[in-house]
Novice: 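First the structure, which I've put down as structure tokens, then a few questions once you've had a look.
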Amino acid sequence: GSGDGQGQILQRFPEKDWEDNPFPQGIELFCQPSGWQLFPERNPPTFFVAVLTDINSERHYCACFTFWEAVESPQPQSHPRNGEGEGEEEEEPSSPVQPAQLFAPKSLVLVSRLDHAEVFRNSLGLIYTIYVDGLSVSLENVIGNLLTCTIPITGGAQ
């Protein structure tokens, strides 16, 4: 109908809340402040960072990278041509009518207590590229590698 919809969380990391850093409730509403709407053309990807403040006045930096995906179209419908079925000797085959292509927003979101917008943009851009290019890399491994760093012990082995 109107093309309006609701966002839903398809996947999240970590899958369960951490005691000291719970998952922000309603984040799917925040990612698309103007609403989840379908558009007739693919929009360019967008990126923004906003600051969410929790009940304890702790800041959480919320980086949102939104891109647009084609929505599966319903089955084409056949419509009779002018006068078809009214006793014409030569009937033309009915032609399928293709519905207009629509695009829906999809957002990648990173929530952090650290303020590093450029790192967030690069990380979400990497995840987006892996997803769009259809690379056979596990997103769990990519995210794990992005979040893991080795800090060498002073004077010792890494």
Side-chain angles (χ1 to χ4, degrees), residues 1-79 93-152 158:
S2 67
D4 291 333
Q6 291 184 320
Q8 69 182 62
I9 298 168
L10 300 177
Q11 193 172 17
R12 66 172 262 200
F13 301 98
E15 291 180 2
K16 296 187 184 338
D17 284 354
W18 291 346
E19 187 176 316
D20 63 336
N21 196 13
F23 189 76
Q25 296 302 312
I27 196 80
E28 66 278 6
L29 301 172
F30 178 76
C31 296
Q32 292 294 317
S34 57
W36 293 90
Q37 300 171 355
L38 299 176
F39 286 86
E41 58 190 37
R42 186 184 309 267
N43 292 329
T46 60
F47 175 80
F48 70 91
V49 177
V51 180
L52 306 176
T53 306
D54 66 17
I55 197 166
N56 298 323
S57 298
E58 300 265 350
R59 289 181 173 203
H60 300 268
Y61 298 90
C62 182
C64 295
F65 182 96
T66 299
F67 58 99
W68 302 83
E69 286 191 318
V71 175
E72 295 265 337
S73 300
Q75 293 296 321
Q77 299 174 350
S78 294
H79 293 286
S94 62
S95 64
V97 175
Q98 294 290 337
Q101 181 70 59
L102 295 175
F103 296 89
K106 187 174 253 189
S107 295
L108 301 171
V109 182
L110 191 149
V111 180
S112 174
R113 289 190 182 172
L114 305 174
D115 182 12
H116 296 293
E118 198 59 32
V119 172
F120 300 157
R121 179 193 306 264
N122 292 339
S123 298
L124 293 174
L126 175 64
I127 294 168
Y128 166 73
T129 301
I130 290 169
Y131 176 77
V132 168
D133 289 349
L135 301 179
S136 60
V137 177
S138 163
L139 283 180
E140 290 86 352
N141 288 338
V142 172
I143 292 168
N145 288 331
L146 287 172
L147 298 176
T148 304
C149 67
T150 304
I151 300 172
Q158 287 189 2

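Not measured: the values here are computed from a predicted model.
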Novice: Could you pull out the closest heavy-atom pair between K106 and Y131, with the gap in Å?
Specialist: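 Shortest heavy-atom contact: NZ-OH, 3.0 Å.
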
Novice: Quick one: pull up CD1 in I9 and OG in S107 and give me the separation to the nearest 0.5 Å.
Specialist: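 Separation between the atoms: 11.0 Å.
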
Novice: Using the ring of each side chain (for Trp, its six-membered ring), is W68 parallel, tilted or perpendicular to F39, with breaks at 30° and 60°?
Specialist: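 Perpendicular: the ring planes of W68 and F39 meet at over 60°.
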
Novice: Please check if the side chain of D54 supplies one atom and the backbone of N56 the other of a donor-acceptor pair under 3.5 Å.
Specialist: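 Present.
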
Novice: I need the Q101 CD to L38 CG distance, nearest 0.5 Å.
Specialist: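 It is 10.5 Å, given to the nearest 0.5 Å.
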
Novice: Are the side chains of R113 and H60 in touch, meaning some heavy atoms are under 4.5 Å apart?
Specialist: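 In contact.
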
Novice: Taking the six-membered ring for Trp and the full ring for Phe, Tyr or His, determine whether the centres of Y128 and F67 are under 6.0 Å apart.
Specialist: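 Yes, close enough.
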
Novice: With distance as the sole test, does S112 use its side chain to make a donor-acceptor pair with the main-chain N or O of L114 at under 3.5 Å?
Specialist: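 Pair found, side chain donor or acceptor close to backbone of L114.
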
Novice: Does W36 use its side chain to pair, donor to acceptor, with the backbone of E28 at less than 3.5 Å?
Specialist: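 A pair under 3.5 Å: yes.
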
Novice: Take a 6.0 Å sphere around CD of E41 and say whether it holds more than 12 heavy atoms from other residues, nucleotides or ligands.
Specialist: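 Incorrect, the count does not exceed 12.
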
Novice: Please determine whether the number of non-hydrogen atoms from other residues, nucleotides or ligands lying under 6.0 Å from atom CZ of R42 exceeds 12.
Specialist: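 Above 12, so yes.
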
Novice: Give me the atom names and distance for the closest heavy-atom approach of A104 to V71.
Specialist: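 That would be CB-CG2, 3.5 Å.
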
Novice: May I ask you to test the I127-L146 pair for a side-chain heavy-atom distance under 4.5 Å?
Specialist: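 Yes, close enough: below the 4.5 Å cut-off.
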
Novice: Under a 4.5 Å cut-off applied to non-hydrogen side-chain atoms, are D17 and R12 in contact?
Specialist: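 Yes, at least one pair of side-chain atoms sits under 4.5 Å.
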
